[in-house]
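Just so it is clear, the model here is predicted, and its values are computed rather than measured. Labels below follow one simple rule: chain letters A, B, ... track the order of the sequence lines, proteins then strands, and each chain is numbered from 1.
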Amino acid sequence: MLEVKNLTKRFGSQEVLKGISLAISEGEILFVLGRSGTGKSVLLKNIVGLLKPESGQILLEGREISKLSEEEYFEVRKMCGMVFQHPALFDSLTVYENVAFGLRRHFPGMTPEEVKKRVTECLDLVHLEGVEDKLPPQISYGMQKRVSLARTIAVEPRYLLFDEPTTGLDPVTTNAINRLISELSRKLNTTSIVVSHDMHCALEIADRIAVLDQGQLIALGTPSELLKSQVPLVKDFLAEITEEDRSRWLS
Amino acid sequence: MVIITPAIRILDGVGGGLMFLGEIIRTLRKYKIDREAILTQIYNISMASFFTTASSGFFVGALMSVQFNMQLRQFGALSVLGGLSTSATVRELGPLLIAFMLSGKVGAYTSAELGIMRVTEQIDAMRCLGTNPMQYLVAPRFLGIIISAFFLLFLGLLMSILGGVILATLVADLSPSEFINTIPMYVEGHSVLSGLFKCLCFSVLLATVCTYKGYTTTGGAKGVGKTVLATALATMVGLVLLDWFTTYLAGVLLDTWRAITI
Ligand SMILES: Nc1ncnc2c1ncn2[C@@H]1O[C@H](COP(=O)(O)OP(=O)(O)OP(=O)(O)O)[C@@H](O)[C@H]1O
Ligand SMILES: [Mg+2]
């Protein structure tokens, strides 16, 4: 269970998050939608402690984590992985070493064979083959994004935060990654927060959808609840959904 | 207003740097730093600066011989050439030269490297994967720069003696043994200590500035550019000020030491 209570965050005079409250239960997939620049990435970074909120609470399984020290946060981050919006791969390490990075630190007892097996497995999950020995600058942006995803899921965190995991990917890979997110939650009971601009996919795999606007939560509910929403911005987001799809979702 | 704002910025920078140094020292005391990572840094830094240090060391020695030759000849004191020029190199010129050279090469490189890792969120990604960037990135670079500075200082000194000997033979008709024999007479324990002390201070300054500036970079590619520039400026000014201060401090320490021993 991950709870965010009344979270506020400002940068100088700019108030980015203005009191966000959310609760995500175990195994749930929550999609967060919102226009560019509303603070979706900032929200995720607050949860993993890369940014500190001005006020409010973040409770991870009942424990208040927003005021922990950097050192105490290491434990939290073992449990709670984040896939960055930009790949953020370590560019002096090969793809293989990137994916193995977290494994080596979180599970120092793993043998090299076990590490190799897990790395290969994770690269398979994101449909990457034969790139283990390449350096990040030598592979395409979409590939880097997938390596970054593999790197985060390799350590099997129980909570996963995805910041636009499929933006900029081709439709086939996008589907594969969406399936992966949904499988992680169904099979391993992973709790996920997915920031996305992909309405179709949100309706497809989300248990609930939250819509952020100007630092506030303007809608939160199941896909069918959202389809019935009368909030103007939510309706704008749903404009691309055809009547046919709409009736399919609602039934 | 014109003066106050930059003055506050400078104070902020100095304060931030000192706090960062404190953080590094805390990290060094609390965590084990991977020995292999430090050795890699030492290797990279020393290799990058090996040739420049050796050649500039050689030319400094050579230059000192030529300069002192002209002056000492007037007083018929040519025999002390080796001692005087080596003593000047050990106490003052060597450490300063090494520091300036390292600041151009390693300082710029390290601050740009860390800066890029910061703005591309690699440092944040590292934190998310259970690694302390202070321990994994900053500390090995910090120690690597300091240890390499001593190694390069030693190399530079040897090369300057070599340069000094060769030029002394050529321009002053001094034999190598005449040159080298006077070195122990002029290069006393306190000169060596003061040289080592300077080398330590300079390399700590350089290592702190470049890791601090790099680690706290903001604002994309432009930010990295600014970081490199600020690192160069801060180390140059810092080195000159610190050189004056350490000379002064070494003088005071030496006087106290003499007062105690006599
Ligand atoms: N480190 C920072 N310093 C200052 N301002 C920041 C910082 N990070 C984010 N902001 C500001 O916070 C606001 C929200 O940024 P955020 O990255 O969360 O947007 P987003 O919702 O993720 O947008 P996108 O969909 O484009 O990724 C932006 O206006 C941005 O200017
Ligand atoms: Mg974002």
- Specify the closest pair of heavy atoms between B:Ala125 and A:Ala88, including all atoms of both residues, with the distance to one decimal.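 Answer, listing the atom of B:Ala125 first, then A:Ala88: CB-O, 3.7 Å.
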> Which heavy atom in B:Leu129 sits nearest to a heavy atom in A:Arg105, and how many Å separate them?
Replying inline: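 Minimum heavy-atom separation between B:Leu129 and A:Arg105: O-CB, 3.9 Å.
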Atom pair [atom1] ([X]) and [atom2] ([Y]), whose distance is rounded to the nearest 0.5 Å:
X        : Y        : atom1 : atom2 : answer
B:Glu121 : A:Ser41  : CD    : OG    : 8.0 Å
B:Ile123 : A:Leu50  : CD1   : CG    : 11.5 Å
A:Met82  : B:Asp124 : CE    : CG    : 8.5 Å

Considering residues, nucleotides and ligands other than [X], do more than 12 of their heavy atoms fall under 6.0 Å from its [atom1]?
X        : atom1 : result
A:Met79  : CE    : yes
A:Lys117 : NZ    : no
A:Lys52  : NZ    : yes
B:Phe150 : CZ    : yes
A:Phe11  : CZ    : yes
B:Phe245 : CZ    : no
B:Tyr43  : OH    : no
B:Tyr109 : OH    : no

Review point. Measuring heavy-atom distances to chain A, does B:Thr131 have an atom under 4.5 Å in its side chain, in its backbone, in both, or in neither?
Key: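 Contact with chain A: backbone and side chain both.
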Checking heavy atoms, do the side chain of [X], its backbone, both or neither come under 4.5 Å from chain B?
X        : answer
A:Leu103 : neither
A:Glu70  : side chain
A:Phe90  : both
A:Arg104 : neither
A:Val155 : neither

_Most contacts with chain B, counted as non-hydrogen pairs under 4.5 angstrom, among A:Val76, A:Val48, A:Thr152, A:Asp91_ =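 Result: the option with the highest number of such pairs is A:Asp91.
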